[in-house]
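Scroll down for the structure; my scribbles are underneath it.
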Amino acid sequence: MAACAVDIASENYTDFICRHGCEGWLSAMPDVAPVCTDDAFPGYSIVYFPSENTLPISLEKYPYYSIPKLFTLLDTSALESSGIFQVFNQPSLGQRGRGTLLGFIDTGIDYRSPVFRKKDGSTRILGIWDQTLPRRFDETGEMADTGSPDSESFSFLQYGAHFSEEQINDALSSPDPLSLVPSQDTLGHGTFLAGIAAGTPLPSLDFIGAAPEASLAVVKLKPAKNYLREFFCITEGANAYQENDIITGIRYLAEIARIHHMPMVVCIGLGTNFGSHGGTSPLSLSFSSISRSIGACTVIAAGNESGLSHHYIGTVSDASIPDEVEIRVGEEENGFVVELWASTLETYTVGFVSPSGEIINRIPLTLSSNATISFLLEPTVINVNYRPQELGSGKQLVFMRFSDPSPGIWRIRVYSSLLLDGDYHMWLPAESFISPNTVFLRPNPFTTITSPGDTPLPITIAAYNHSGGNIYIHSGRGYTIDNQIKPDIAAPGVEVYGPGVIPEAAYRTAVLNGEDAPAVPMVRKTGTSAAAALTAGAIANLLSWGIVEGNDPGMSEAAIRAYLIRGATRSRAFSYPNQEWGYGTLNLYNTFLQLRE
């Protein structure tokens with residue numbers, strides 16, 4: 001595949017996800033030719049067009065799945081509670097992730113930190129793809145050779161900069177590492193997750209990661225483009241990342257694992273409320289493809305949406321009487337999106353009542369219809385798109401976009417056009433994408449697992465408080481919209497102890513003083529992403545035992561799930577599986593005991 005000759009990461013180009021065989025909607029733009037096509041993953045391509053020819057985007061012009069969804073971040077007694085220390089200390093096991101690869105698609109990594117180095121000071125990181133850095137071209141228009149022995153293997157990367165293990169080690173031996181490898185984690189989320197999953201032991205700080213001998217590979221995601229932030233009405237300043245960038249990141253991690261012949265665990269601490277919540281998005285299907293490979297596993301956070309009033313379950317029992325959904329819109333809200341998804345193959349239409357009492361009657365359903373609604377007494381504009389059969393799920397989607405909404409109580413009247421069981425779901429955007437004061441007044445805390453945690457094959461992790469033994473109040477609850485059992489298990493995710501990013505001033509001071517490594521600031525974080533990282537480290541230990549040591553060379557993700565479920569700790573107070581805990585809490589030591597049985 002020829003390299004793109006333009007900077008497709010810039011705002012001058014729009015990104016679309018194209019399923020193979022998508023020529024139909026592409027041909028609807030006869031006067032616009034794509035500047036570049038990237039075969040990001042089996043079954044999907046990313047197609048780039050000039051922004052001036054494609055904006056503004058809308059569901060009237062483009063399929064829902066083709067518009068990249070936006071994802072946000074989901075934020076060592078924990079090791080003992082999970083049975084990981086017991087495995088470390090068992091002479092016949094002693095698993096520490098040796099020979100495995102842990103991959104992270106997140107905010108990057110503080111590669112200079114001793115948390116990610118071996119005893120000799122060299123790196124444990126086999127590759128970093130920093131999507132935020134400018135891409136280098138040579139005089140022929142091709143991507144410039146990085147000089148690393150594996151540079152040809154990553155010629156498919158159309159933006160950003162890839163750094164090999166060799167280049168990272170060269171940087172670490174330099175007094176100014178960032179001059180050679182200028183990749184930084186400015187938010188610290190990726191560094192924290194990689195640290196608790198695979199951090200090198202720091203006895204002075206009483207810290208060790210779950211798989212301290214595993215190798216690492218990292219994708220630093222670039223921020224979402226402005227046109228997508230505007231389309232989805234994302235709150236200013238919120239951290240948002242594009243679906244297509246995550247998909248390409250999966251391919252990068254898989255290539256690292258292939259080059260080094262390692263079993264791989266991919267950890268995802270990202271989530272979104274956009275989509276069907278049935279595991280049918282392009283990103284979900286990409287993870288499912290990885291999950292079918294021997295020696296590959298994906299661990300995904302369940303999200304932190306329970307209790308935030310962003311989900312509503314409605315029922316229409318009479319086709320002539322609408323269900324009325326109430327949304328309280330906060331004073332500071334500038335705009336938001338609401339998605340209605342039918343739970344079966346039935347269809348719905350909507351009408352509205354504004355805070356001042358102005359009524360918008362039922363908007364009729366026509367194929368791929370789009371309606372723009374203005375109000376006499378409100379500055380609000382609502383765009384309504386009916387998608388009778390959304391391509392990925394086959395279910396109806398009603399996409400409602402509120403611009404400049406008046407504060408107060410808005411009512412959405414939901415009418416059935418084809419009544420079967422009458423059930424449907426609505427979701428507001430995930431936390432940080434919307435004002436905390438914009439909520440459903442009659443929310444439902446279940447079916448709140450964020451995408452891609454709703455994907456059937458990957459392992460989805462809830463969070464609990466290992467000190468008190470209770471589930472984390474905001475941990476996403478199952479099941480999925482199609483009643484798939486999610487989460488799979490729960491792991492410690494409250495006040496988890498892990499490494500932060502070393503401040504630049506501290507690093508320079510250590511270099512000037514001739515110190516081997518500066519002090520690592522330790523922090524505590526809460527959320528299902530921490531629980532997912534801890535579980536990813538535990539699975540790396542399991543893969544090391546099974547594939548690297550040859551005890552189960554055909555170990556698959558399905559087998560890993562079965563092993564973890566059999567070894568999970570279960571309380572007599574609950575029946576299993578359930579919508580909060582899945583099949584119980586992570587207990588790696590008991591998993592190995594079950595294997596012995």
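Note: hydrogens, waters and symmetry copies are ignored here, and every other heavy atom, side chains too, is used.
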G195 and V115 have their tightest heavy-atom pair at CA-CG1, 4.1 Å

d(F49 CZ, T54 OG1) to nearest 0.5 Å is 7.5 Å

To the nearest 0.5 Å, atom CD1 of I168 lies from atom CZ of R112 at 12.5 Å

Residue set satisfying salt bridge (Lys or Arg N to Asp or Glu O under 4.0 Å) with R258, at least two apart, ordered chain then number -> E255

The residue among T132, L187, T191 that forms side chain to side chain contact (heavy atoms under 4.5 Å, CB included) with T107 is L187

So the ring pair (Phe, Tyr, Trp, His ring centres under 6.0 Å) pairs with at least one residue in residues 523-542 (sequence neighbours excluded) are none

Could you give the side-chain donor-acceptor pairs of residues 262-273 under 3.5 Å, partners two or more places apart or in another chain?
unit_1 : atom_1 : unit_2 : atom_2 : d
T272   : OG1    : L70    : O      : 2.8
T272   : OG1    : F274   : N      : 3.2
N273   : ND2    : E305   : OE1    : 2.9
N273   : ND2    : L428   : O      : 2.9

**Asked** Will you find, in the side chains of T528 and S475, an N or O donor that is under 3.5 Å from an N or O acceptor?
**Response** no

Distance col, row I502:CD1 vs T509:OG1, nearest 0.5 angstrom, shows 11.5 Å

Can you check whether Y589 reaches N587 side chain to side chain, under 4.5 Å on heavy atoms?
yes

Heavy atoms of P68 and F232 approach each other most closely as O-CE1, 3.5 Å

Here the pair of heavy atoms bringing F287 nearest to P458 is CB-CG, 3.9 Å

**Q.** Student check: side-chain heavy atoms of P492 and Y464 closer than 4.5 Å
**A.** yes

**Item:** Test salt bridge (Lys or Arg N to Asp or Glu O under 4.0 Å) applied to R98 and E549, step by step
**Value:** CA-CA 9 Å; R98 180 181 58 84; E549 295 184 3; 3.7 Å; yes

With sequence neighbours left out, the residues meeting salt bridge (Lys or Arg N to Asp or Glu O under 4.0 Å) with R124 are none

Please work out which of the three classes, parallel, tilted or perpendicular, describes the rings of F154 and Y252, given edges at 30° and 60°.
tilted

*State whether a side-chain donor-acceptor pair under 3.5 Å links D110 with Q184.*
no

Residues N169 and T123: side-chain donor-acceptor under 3.5 angstrom = no

For F156 and D38, the nearest pair of non-hydrogen atoms, with its separation, is O-OD1, 4.0 Å

With sequence neighbours left out, the residues meeting salt bridge (Lys or Arg N to Asp or Glu O under 4.0 Å) with D488 are K486, R561

#### Entry: Donor + acceptor pair across side chains of D185, Y111 (<3.5 Å)
no

Is the shortest side-chain heavy-atom distance between Y563 and L595 below 4.5 Å?
yes

Output for pair (M522 CE, D206 CG), nearest 0.5 Å, gives 9.0 Å

_Please evaluate residues W545 and F592 with respect to the criterion ring-ring contact (aromatic ring centres under 6.0 Å, His included), reporting the C-alpha separation (whole Å), side-chain torsions for both, the decisive distance (0.1 Å), and the verdict._
CA-CA 10 Å; W545 172 87; F592 279 108; 5.7 Å; yes

Sequence neighbours excluded, the answer for salt bridge (Lys or Arg N to Asp or Glu O under 4.0 Å) partners of D176 is R508

Separation between OG1 (T535) and CD1 (I560), nearest 0.5 Å, reads 12.0 Å

Exercise for review: State, yes or no, whether a side-chain contact exists between H162 and I128 at a heavy-atom distance under 4.5 Å.
Suggested key: no

Closest non-hydrogen atoms of V520 and S113, given as atom of the first, atom of the second and distance, are CG2-OG, 3.7 Å

Distance-only polar pair, side chains of D106 and H189, donor-acceptor under 3.5 Å: yes

- Query: Looking only at side chains, do S286 and S289 share a donor and an acceptor under 3.5 Å apart?
  - Reply: no

### Message
Would you say Y159 and D245 are linked by a side-chain donor-acceptor pair, where the criterion is simply a distance under 3.5 Å?
### Response
yes

- request: Begin from the C-alpha positions of K118 and D120 and carry the test salt bridge (Lys or Arg N to Asp or Glu O under 4.0 Å) through to its verdict.
  value: CA-CA 5 Å; K118 302 173 185 175; D120 63 4; over 6 Å; no

Heavy atoms of L216 and L101 approach each other most closely as C-CD1, 3.6 Å

With side chains defined as the heavy atoms from C-beta onward, is the minimum distance between Q131 and K220 less than 4.5 Å?
no

dist E11:CD -> S51:OG (nearest 0.5 Å) comes out at 7.0 Å

Side chain to side chain contact (heavy atoms under 4.5 Å, CB included) test vs I290 passes for just one of I250, L253, L457, namely I250

